[in-house]
Amino acid sequence: MSTAAVLARSSSWARALVNISPYTFSAIGIAIAIGVSVLGAAWGIYITGSSLIGAAIKAPRITSKNLISVIFCEAVAIYGVIVAIILQTKLESVSASQIYAPESLRAGYAIFASGIIVGFANLVCGLCVGIIGSSCALSDAQNSSLFVKILVIEIFGSALGLFGVIVGIIMSAQASWPAKRG
């Protein structure tokens, strides 16, 4: 059975997805990687920062050492930037006749999936680090001996973003475009 016959029988969604350029999928994946990672970082900073400012009213000594929680949240955005740069380097130009070749589609989908995984892993990581950072600031204001203990938990929460980056890099290794025919 030919590819055209398979597409004719498939749903309209399948036909629509196959007709979207792999470069479009790649661009959306790269945008999601950086955009959603920055959103996660901003959300984490918002959660941590508001608790830090509130708790600093009772115990002003916590302000400087609890900024580490904000730095951990900012690292989440940096993860997204790094992966977006890596994914951008995976893009190659392909001749018009090969743009919808299976290898091109696979490369576009791989970059897209990599961007989604990294973006949403970093969104959740930013929330995790923000909530733990908020708890760290509030706990430190009450009992300064809890700071290091909660900071260790925050480091483990931050590692979740690194796991997303690693999975994204592994998935982007599948992005190989067809060679240009001269």
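Worth knowing before you read on, the calculation uses all heavy atoms, side chains too, and leaves out hydrogens, waters and symmetry mates. Along the sequence shown, residues are numbered consecutively beginning with 1.
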Indicate yes or no: at least one non-hydrogen side-chain atom of Ile99 is less than 4.5 angstrom from one of Ser104. no
Minimum heavy-atom separation for Ile62 to Ala137, with atom names? CD1-O, 3.5 Å
What's the spacing between Ile132 CD1 and Leu127 CG if we round to 0.5 Å? 11.0 Å
Non-neighbouring partners of Ser97 that pass side chain to side chain donor-acceptor pair (under 3.5 Å), sequence neighbours left out: Ser95
Is any side-chain heavy atom of Thr48 closer than 4.5 Å to a side-chain heavy atom of Val129? no
Using 0.5 Å steps for rounding, measure from the OG atom of Ser158 to the CD1 atom of Ile68. 9.5 Å
For Cys136 against Asn66, the heavy-atom pair lying closest together: SG-OD1, 3.6 Å
Considering residues at least two apart in sequence or located in another chain, which fulfil the side chain to side chain contact (heavy atoms under 4.5 Å, CB included) criterion with Val148? none
Suppose we screen for side chain to side chain contact (heavy atoms under 4.5 Å, CB included). Which residues come up paired with Ile53, at least two apart in sequence or across chains? none
Restricting to pairs with a member in residues 153-174, which pass salt bridge (charged side-chain N to carboxylate O under 4.0 Å, His left out), not counting sequence neighbours? none
Show which side-chain atoms of residues 24-35 pair as donor or acceptor with protein atoms under 3.5 Å away, not counting sequence neighbours.
residue, atom, partner, partner atom, Å
Ser26, OG, Pro22, O, 2.9

Only distances under 3.5 Å count here; give the side-chain donor-acceptor pairs of residues 78-92 to other protein atoms, sequence neighbours excluded, each with its distance to 0.1 Å.
residue, atom, partner, partner atom, Å
Thr89, OG1, Ile86, O, 2.6

Non-hydrogen side-chain atoms of Leu123 and Trp43 separated by less than 4.5 Å: yes
Check for me, please, whether Val36 and Val118 land in the same ILVMFWY cluster - side-chain distances under 4.5 Å, paths through other members count. yes
Applying side chain to side chain contact (heavy atoms under 4.5 Å, CB included), name anything that partners Ala41, two or more places apart in sequence or on another chain. Val76, Ala77
What closest approach, in Å, do Pro178 and Glu103 show between heavy atoms, and which atom pair accounts for it? CA-OE1, 3.6 Å
Enumerate the residue pairs fulfilling side chain to side chain donor-acceptor pair (under 3.5 Å) with a member in residues 115-130, sequence neighbours excluded, ordered by first and then second residue. Ser37-Asn122
State the CD1-CZ distance between Ile20 and Phe112, to the nearest 0.5 angstrom. 9.0 Å
Sort and list the pairs that fulfil salt bridge (charged side-chain N to carboxylate O under 4.0 Å, His left out) and have at least one residue in residues 122-149, not counting sequence neighbours. Arg61-Asp140, Lys65-Asp140
Is there a path of hydrophobic side-chain contacts, each under 4.5 Å between heavy atoms of I/L/V/M/F/W/Y residues, joining Tyr100 to Tyr109? yes
Distance from Cys125 atom SG to Leu162 atom CG, nearest 0.5 Å? 7.5 Å
Ala175 and Ile111: which non-hydrogen atoms are nearest, and at how many Å? CB-CG1, 3.7 Å
Are any non-hydrogen side-chain atoms of Ser139 and Asn143 less than 4.5 angstrom apart? no
Quick check on the hydrophobic clustering: are Ile150 and Val70 connected, directly or via other members, by side-chain heavy-atom contacts under 4.5 Å? no
Hits for ring-ring contact (aromatic ring centres under 6.0 Å, His included) against Trp177, two or more places apart or cross-chain, chain-then-number order -> Tyr23
Ile57: hydrophobic cluster co-members (side-chain, 4.5 Å): none
List in chain and number order the residues that pass side chain to side chain contact (heavy atoms under 4.5 Å, CB included) with Leu138, two or more places apart in sequence or in another chain; answer none if no residue qualifies. Ser51, Ala55, Ser134
Please report the interatomic distance CD1(Ile169) to OG(Ser114), rounded to the nearest 0.5 Å. 8.0 Å
Joint hydrophobic cluster, Ile131 plus Leu39, side-chain heavy atoms closer than 4.5 Å: yes
Could you report the tightest heavy-atom contact between Ala141 and Lys58, atom names first, then the distance? O-NZ, 3.8 Å
In terms of heavy-atom contacts, Gly164 and Ala121 come closest through CA-CB, 3.7 Å
How many angstroms lie between CD1 in Ile116 and CZ in Phe120, if you round to the nearest 0.5 Å? 6.5 Å
